[in-house]
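Worksheet: the structure to be examined is printed underneath.
Numbers restart at 1 for each chain; the letters A, B, ... are given by sequence-line order, proteins then strands.
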Amino acid sequence: MARTVAPVYDPQLIEPKWRAAWKQAGLFRVSEESTKPKFYNLVMFPYPSGPLHMGHFRNYVIGDALARYKVMRGFNVLNPFGWDAFGLPAENAAIKSGIPPRVSIEGNIAISKHELDIMGVLYAWDREVTTCNDDYYRWTQWLFLKFVEWGLAYKHKAAVNWCPKDNTVLANEQIVNGVCWRCGTKPTKKELEQWFFKITAYAQRLLDDLSKLDRWPERVKVMQANWIGRSEGAELDFAVEGDRQLKVFTTRPDTVFGATFMVIAPEHELVSRIVTAEQRAGVDAYIERTKAETEIERLSTEHEKTGVFTGAYALNPFSNERVPIWVADYVLATYGTGAIMGVPAHDARDFEFATKYRLPIRPVIGTPGEPVARTLTAAVESHDGVLTNSGPYDGLAVNQAIDQITAEAERRGIGKRTITFRLRDWLISRQRYWGVPIPVIYCPDHGIVPVPQDQLPVRLPEQVEFRSDGQNPLLHTPAFVNTTCPQCGKPARRETDTMDTFVDSSWYFLRYTSPHYEQGPFDKAIADFWMPVDQYIGGIEHAILHLLYSRFFMKALFDAKMVSVDEPFAALFSQGMIQRNGAVMAKSKGNGIAPDDMVARYGADTARVYELFIGPPEFDAEWNDRGVDGVARFLNRVWRLTVGEEDDATATTGAGVTREALTRKLHETIEKVTHDVDAFRFNTAVSALMELTNLMQDYIQGGGARDEAWERVCGDLARLLAPFAPHLAEELWARTGGASLCAFSPWPEAAADQLQRSVVTVVVQVDGRLRDRIELPAGIGEAEARARALQSANVARALDGRPVTRAVFVVDRLINLVTR
RNA sequence: GCGGCUGUGGUGAAAUCGGUAAACACGCCAGGUUCAGGGCCUGGUGAGCGCAAGCUCUUGGAGGUUCAAGUCCUCUCAGCCGCACCA
C-alpha cells in the first residue's frame, strides 16, 4: 500500500497543512443567501491584554467545536470574532512604558490571532470587529446620540463611585465586593456631573423577559433578577412639624402601627431642614463621620448600626402617634425614598437599631389565640399571623392588611402602592483617555450640544502625552478640547470623558452581522437575518455586567424599530474556569500554560480534546498534565489503528469482536456523540469515542478484517472526531478516501436497524437484589424470561425454596422475582 | 442573613425515563515487549469476608415512598459561588 503520510502520529507534520486547507476553502465564510438554516455561534470577544493561555482556550475550543459540528449538521454558521480593545490596561501600560495603547493592542491582537490559528480555532475573519477602530466607535458614538435623542442618556450631578487609583468613576455594577472590579481599590464618593444611561426605564422588562430565556443558566437569571431587585410595597407620607412631609417606602405597610421611630439617610435633603437647634451640632458631626466612613469602615463585615436623633418628630398617619426622627447611615439615600419607618418588632435591622438606642419595640403581628410576647429577642419578619395593636385592622391577616392599609392611604391621599427597584441607572462617563469620546460639545450659550451625525466620528487623538498624575491626557490636548459650537460657531469645549468600555461590548454582536456597513451601525435586514445569537458562550464573570447591558441595548434598539428581536442571546452557556495548582489559571499567578508549548509538545488536537475531556464544561476543572498524556495516547491509538502503518504484530488475543458488534458500537457512538454535543457534554462525547476506539483495537487484535465495514467505521470515526480533533480527522478522512474536506462532510447518522441487538443481557433480581445476569434473545416475553431466570443456580439459592409471589419485568433489561 | 449550585473510588468523573453504581481517563499493581525511554500491549484495581463459588456493605448523614432509589419526598450536615443594612 502506498503511503503518503508519516508512519507515526506527528501533529507537527499534519496540522499546518489542514489549517491552510480550511482557510482556502473558507470554512466559516458565510452569506445571507444560503438556504440552510442559520446558526449564529458566538464566543465572548476578549480584551487583547497579552498572550492567551489554556484557561482562555476552553471558551474558544468549545465554541469552535460547536461551530464545526453545526456546519456538518447542515447549518449556515456565522462564527465571528473580534476585540474589546478600549480600556484601562492598555492606557496604564502606556503611562508606565510609553508605548501607545494602539501599538500594544495591535501587538497583542497579532499574538492572539497566531495562538488561535495554531490551535485550529477558526473564525469568519472577514467580519473581525475591533472596538477601538474608528469605523466601529463612530457607530458607538452614533448610538450614544440616539440614546440622547430617545431620552435614554442624560447628564446628571450625583454622588458617584470614584476609584482613586484608576482616577475614574465606576458604575454600580463595577463595584464588586465593595471594591473596584478592576484594581481592587475601595471607591470613594464624589459629587460629579456625569453621563448616565437610563437602564432603570427597562427594569421591569429586563426582569420579566428573563422568563423567556429558557436556554440560559438558572444561576445567571437569578443573579440578574437579584440585581434588578424588584420590591412591591407602598409609599406612606408622615407629617413632620412645620408642614413638611416625610415619605417612606415600605414593603410592610401592615406594620405601620408598629412604627416607633423614623430613620432618614444622612444625605437626605430634609435633614438640614428639620434638625432642631440643640441637635444640629451632633447631627452635623454624624454626617461628617459617615462620609469618612464610606471609605474606611462601612465595608467591614461587622458593621454596627449608628445614628443620631434630629430632635424632630413625625406624625404616624394611621395611629396619630408622635415618633422621633433619627438619622442613620443604614438607610440608603439611593434606595426607595431615602427614609424608612422603623418597625423594630418586625424588621431585624430596625430591631438592632432600637435595641441599641433604647427605642420602643411594639409587636403588631401575632398568632391568634396566643398572647403577644412582652419582650422580643428578635424581630418577627414572617408573613404568618394576624394584626394586633393596630386599631381597626386588628385580626386581619398580613396580606389582607397590606392591601387594606395601602388602599386607605390612597383614599386619604397620604400614600400609594409602588414598586421599587434596586437597579440604578448606568453611569457611563469615564475620566480616562483610551475609550470612545463622548460626542458632545459644551457651548457657553447653548449648553450641551450633541455633535451632529455627519461630523462623526469624534476621533480620539492618538498623539497625546501620558501623565504620571493619572489625569486624562485629553484635558491637556487643546487641539481636541477646543472646538466650536455646532449651533452658533462660537468657541466651545469638547467633552473629555470617554465611555465605559461596556458600552462598546453592548452591541458588537450586531456589528458582526454587517461589519463594513457605512450607513449605520448595522444593516437592519442583515441583523434581522442573523439575530438573535443562537448560542453565546462565555465566562460567568459577565453574568450581570455585560449580559445585562447588552439586553438593555437590544430592548432600546427594538423599541426604536432598529432590530426585530428584543433579546440578543437565545441561549447562553457559561463555561467553568481552568485551575492549576489550586488556583485559576492566570498570567498573574504564573500557572498558565501557553498554547505554543502545548502545540509544540502534543499538537493542537491533543490540547483541544483535553480541554473538552477535562470535565463537565460548566464546572471549574483542575488541569492535570497526566490527563493530557492520556488524551495524547488516545489520539495516537486512533492514528495507529486507522492511518498509520498496519500493525504487523496482530497478536490474536481472542478478544473476538465480531463485525456486527463493531458496527453496532459505531452506531451507538454516533447516537451518543450527537446527543452529547447537542447537550454540551463534550467530556462524555470524547469518552464515547475512546470506547469506540478501544473496541476497534479489540477487533483488530482479535483478527478482524480491514474490510468495507472497517472502512465505514474509520470514515465515520473521522467525522465524529472532526469537531474536536479536526486535523487528525482530516488526515483520517483523506486516508479513507473521503471526498472534499471532512469539515464540510455531513455528520453521520445512526441507523436504527444497526442499533438492534439479537441477544441482550438481562439482570435477574430476587426481592430487588441482583442475583444473576442471563443472556436472552432480544424482545423475549415475561413468561419465558421468568422460566429462564428460574433455571439459574444463583437464583435458586437466593429463593431458598420460597415461592415467587409476583415478578416485575422490564423487557430487555431485568426481571425481579418477588417472594414477599 | 437571602438566593443559587455541588457532595459518588486514591484522583477527574459516568450513570439520557426510578431498572446492572463507578463507563471513560488519570494513578497504582503485575506481566509482556526486536523495551534507551515518561513508548506500546495484556491483565488487575470501591471496601470487607472467603481457597473458591459467592456473600455483605457502599453515591455527605438520618428517615420515608417503591418490587427496585445516586436519581423521587421530608429533615439535616458540609463546601463553593453570587448578593449583601435594598426597608
In the structure shown, which nucleotide is the Watson-Crick or G-U wobble counterpart of [N], with both distances under 3.5 Å?
| N | result |
| --- | --- |
| B:C40 | B:G32 |
| B:A25 | B:U11 |
| B:A52 | none |
| B:G82 | B:C2 |
| B:G70 | none |

**Item:** Base of B:C67 paired with side chain of A:N816 (donor-acceptor, under 3.5 Å)
**Value:** yes
Between [X] and [N], is there a side-chain N or O to OP1/OP2 distance below 4.0 Å?
| X | N | value |
| --- | --- | --- |
| A:R769 | B:U20 | no |
| A:Q697 | B:C40 | no |
| A:R813 | B:A68 | no |
| A:Q765 | B:C67 | no |
| A:R806 | B:C67 | yes |
| A:R633 | B:G39 | yes |
| A:T684 | B:A13 | no |
| A:R771 | B:U56 | yes |
| A:N794 | B:A53 | no |
| A:R637 | B:C24 | no |
| A:R773 | B:G19 | no |
| A:N683 | B:A14 | yes |

[X], nearest nucleotide to its side chain (from [options]):
| X | options | value |
| --- | --- | --- |
| A:P616 | B:A15, B:G19, B:A14 | B:A14 |
| A:R640 | B:U42, B:U20, B:C41 | B:C41 |
| A:H675 | B:G19, B:U16, B:A87 | B:U16 |
| A:R681 | B:A15, B:C24, B:G3 | B:A15 |
| A:Q701 | B:C41, B:G19, B:A87 | B:C41 |
| A:W227 | B:U16, B:C83, B:A25 | B:C83 |
| A:L332 | B:A87, B:A25, B:U42 | B:A87 |

[X] [atom1] to [N] [atom2], straight-line distance once rounded to whole Å:
| X | N | atom1 | atom2 | value |
| --- | --- | --- | --- | --- |
| A:R626 | B:C28 | CZ | C1' | 10 Å |
| A:F724 | B:C24 | CZ | P | 18 Å |
| A:L207 | B:G3 | CG | C1' | 14 Å |
| A:F619 | B:G4 | CZ | P | 16 Å |
| A:E218 | B:C5 | CD | P | 7 Å |
| A:L770 | B:G54 | CG | P | 11 Å |
| A:I544 | B:G3 | CD1 | P | 17 Å |

Give the minimum heavy-atom separation between [X] and [Y], together with the two atoms involved.
| X | Y | result |
| --- | --- | --- |
| A:N591 | A:V584 | ND2-O, 3.4 Å |
| A:K247 | A:A339 | O-CB, 3.6 Å |
| A:F261 | A:P344 | CE2-CD, 3.7 Å |
| A:L695 | A:A661 | CD2-O, 3.9 Å |
| A:Y602 | A:T606 | O-OG1, 3.4 Å |

Mind checking if [X] touches a base, just sugar-phosphate, or nothing, with heavy atoms under 4.0 Å?
| X | value |
| --- | --- |
| A:G630 | sugar-phosphate |
| A:D676 | nothing |
| A:V222 | sugar-phosphate |
| A:I614 | sugar-phosphate |
| A:F613 | base |
| A:R422 | base |
| A:E622 | nothing |
| A:D629 | nothing |
| A:R580 | nothing |

May I ask you to say whether [X] pairs ionically with [Y], meaning some side-chain N is under 4.0 Å from a carboxylate O?
| X | Y | value |
| --- | --- | --- |
| A:R802 | A:D800 | no |
| A:R757 | A:E668 | yes |
| A:K672 | A:E691 | no |

**Prompt:** How should the glycosidic conformation of B:C17 be described, syn or anti, under the criterion that syn lies within 90° of 0?
**Reply:** syn
**Message:** For B:G9, does the O4'-C1'-N9-C4 or O4'-C1'-N1-C2 angle fall within 90° of 0, making it syn, or is it anti?
**Reply:** syn
